[in-house]
**Q** 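Sharing a structure with you now.
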2 protein chains.
Amino acid sequence: MAVNLDDVDWAIIDQLQQEARISISELGRRVSLSASATTERVRQLEALGIITGYRAVIDLTKVGYQVLAVVRLKYPGNRHQPLHRLLAERREILECLRTTGDDCYTLKVAATSMAHLEALMDELAGFGSTTTSIVYSQTLPYRGPERP
Amino acid sequence: MAVNLDDVDWAIIDQLQQEARISISELGRRVSLSASATTERVRQLEALGIITGYRAVIDLTKVGYQVLAVVRLKYPGNRHQPLHRLLAERREILECLRTTGDDCYTLKVAATSMAHLEALMDELAGFGSTTTSIVYSQTLPYRGPERP
DNA sequence: TGTGAAATTGCTTGGTG
DNA sequence: CACCAAGCAATTTCACA
């Protein structure tokens, strides 16, 4: 499943992880490749599923989500469909990881207020026992991987 | 700190959260605006700090990080500099949130193998007691916020 | 795979409603 | 604020190494 990538591939990945909207020709300049060769490399990285997409990063506070929380959910049994349905509906749930350990799921949830968070927690509590931690600050905002 | 955004702003945000590399004219078509007006809107969203950047999303497994873990760190005392130094150095730490509750920090860590993860955990254990959960799957890969 | 040249398309800027 | 038009870049395609 893992793929062999050379220095140029990694240079491209690094650049696009930092500034995904630079032009192909600018990217080519930075990695010392012609525009057409750069296009081909990027196309390959996309086709191989190494680059899975490009996303704008939004400031949650500025768009109205003043509360960010990490929720751990202890989910008894193995009927996961209802939870998946909730994840699809409630767009306030930004991320959901299934993990080992006592808490089966770790979710990241954005809310506009504590009241809003409370309502979301009531929904989640229907699935199992929850542990909620409010996020003070993103000590390290998400960054992508570098060459192993 | 929060900002007032109209429908067009949100349409732009939605599009760029999904496909950050589309051209300005394509974006303009999708939100029914001319290219120059679209450029101006996007510039404003960036200048206001609502859009904080654009990032390529990389498949961790395919580039060699077979293990993803969520680590909760109980950090006694309040000397946070050493931890911040580690976060800057160890690029395997992809994210770090400071939270309320017993565990002061929640980290997301990528490793190439269990041995690699073990070494990372030894480093983190120097800061306090840790609780580690291996991620089975991203039930919901990260997505951005929608209009509140 | 990478390059270079030509045709197409997209971007930017200044002037206008 | 948004549109239009013109001049300038960037993108794509193709023949060639």
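Letters A, B, ... are given to chains in the order of the sequence lines, protein chains preceding strands, and every chain is numbered from 1.
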**Q** Would you name the heavy atoms of A:Ile50 and A:Leu5 that are closest together and state the gap between them?
**A**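 Minimum heavy-atom contact is CD1-CD2, 3.7 Å.
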**Q** With a strict under 4.0 Å distance from non-hydrogen atoms of chain A, what nucleotide opens and what nucleotide closes the contacted stretch of DNA chain D, reading 5' to 3'?
**A**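 The contact span of chain A on DNA chain D goes from D:dA10 to D:dT13.
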**Q** Are any of the side-chain heavy atoms of B:Ile93 and B:Lys108 separated by less than 4.5 Å?
**A**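 A side-chain contact is absent here, since even the closest heavy-atom pair is not under 4.5 Å.
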**Q** Take the C1' atoms of the five end pairs on each side of the helix from C:dT1-D:dA17 to C:dG17-D:dC1, derive the two axes, and give their angle rounded to 10 degrees.
**A**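 Computed angle between terminal axes is 40°.
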**Q** Any idea which heavy atoms bring B:Ala111 and B:Leu120 closest together, and the distance?
**A**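 Heavy atoms only, the tightest pair is CB-CD1, 4.2 Å.
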**Q** Pull out every residue in residues 30-50 of chain A that has a heavy atom closer than 4.0 Å to any atom of DNA chain D, ordered by number, or say none.
**A**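 Correct list: A:Ser36, A:Thr39.
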**Q** Are the ring centres of A:Phe127 and A:His80 closer than 6.0 Å?
**A**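 That pair fails the under 6.0 Å test.
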**Q** Which whole-number value in Å describes the distance from B:Ile22 CD1 to C:dT9 P?
**A**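 Atom-to-atom, B:Ile22 to C:dT9, this comes out as 18 Å.
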**Q** Taking salt bridge (Lys or Arg N to Asp or Glu O under 4.0 Å) as the criterion, tell me which of B:Lys74, B:Arg98, B:Arg72 meets it with B:Asp103.
**A**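 Answer after filtering B:Lys74, B:Arg98, B:Arg72: B:Arg72.
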**Q** Working note: B:Asp14 + B:Arg30, criterion salt bridge (Lys or Arg N to Asp or Glu O under 4.0 Å); need CA distance, chi angles, decisive distance, verdict.
**A** CA-CA 11 Å; B:Asp14 287 340; B:Arg30 296 190 190 179; over 6 Å; no
**Q** Can the ring centres of A:Tyr54 and B:Tyr54 be said to be less than 6.0 Å apart?
**A**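 No; B:Tyr54 has its ring centre 6.0 Å or more from that of A:Tyr54.
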**Q** Looking at A:Glu92, A:Met121, A:Gln66, which one forms a side-chain contact (heavy atoms from CB on, under 4.5 Å) with A:His116?
**A**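 So the option named by the test is A:Glu92.
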**Q** Is there side-chain contact between A:Val63 and B:Val3, with heavy atoms separated by less than 4.5 Å?
**A**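 They are not in side-chain contact.
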**Q** Which whole-number value in Å describes the distance from A:Ile24 CD1 to C:dG10 P?
**A**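 Rounded to the whole Å, the gap is 15 Å.
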**Q** I need the minimum non-hydrogen distance between B:Ala56 and A:Ile51, along with the two atoms involved.
**A**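 So the two residues come closest at CB-CG2, 4.3 Å.
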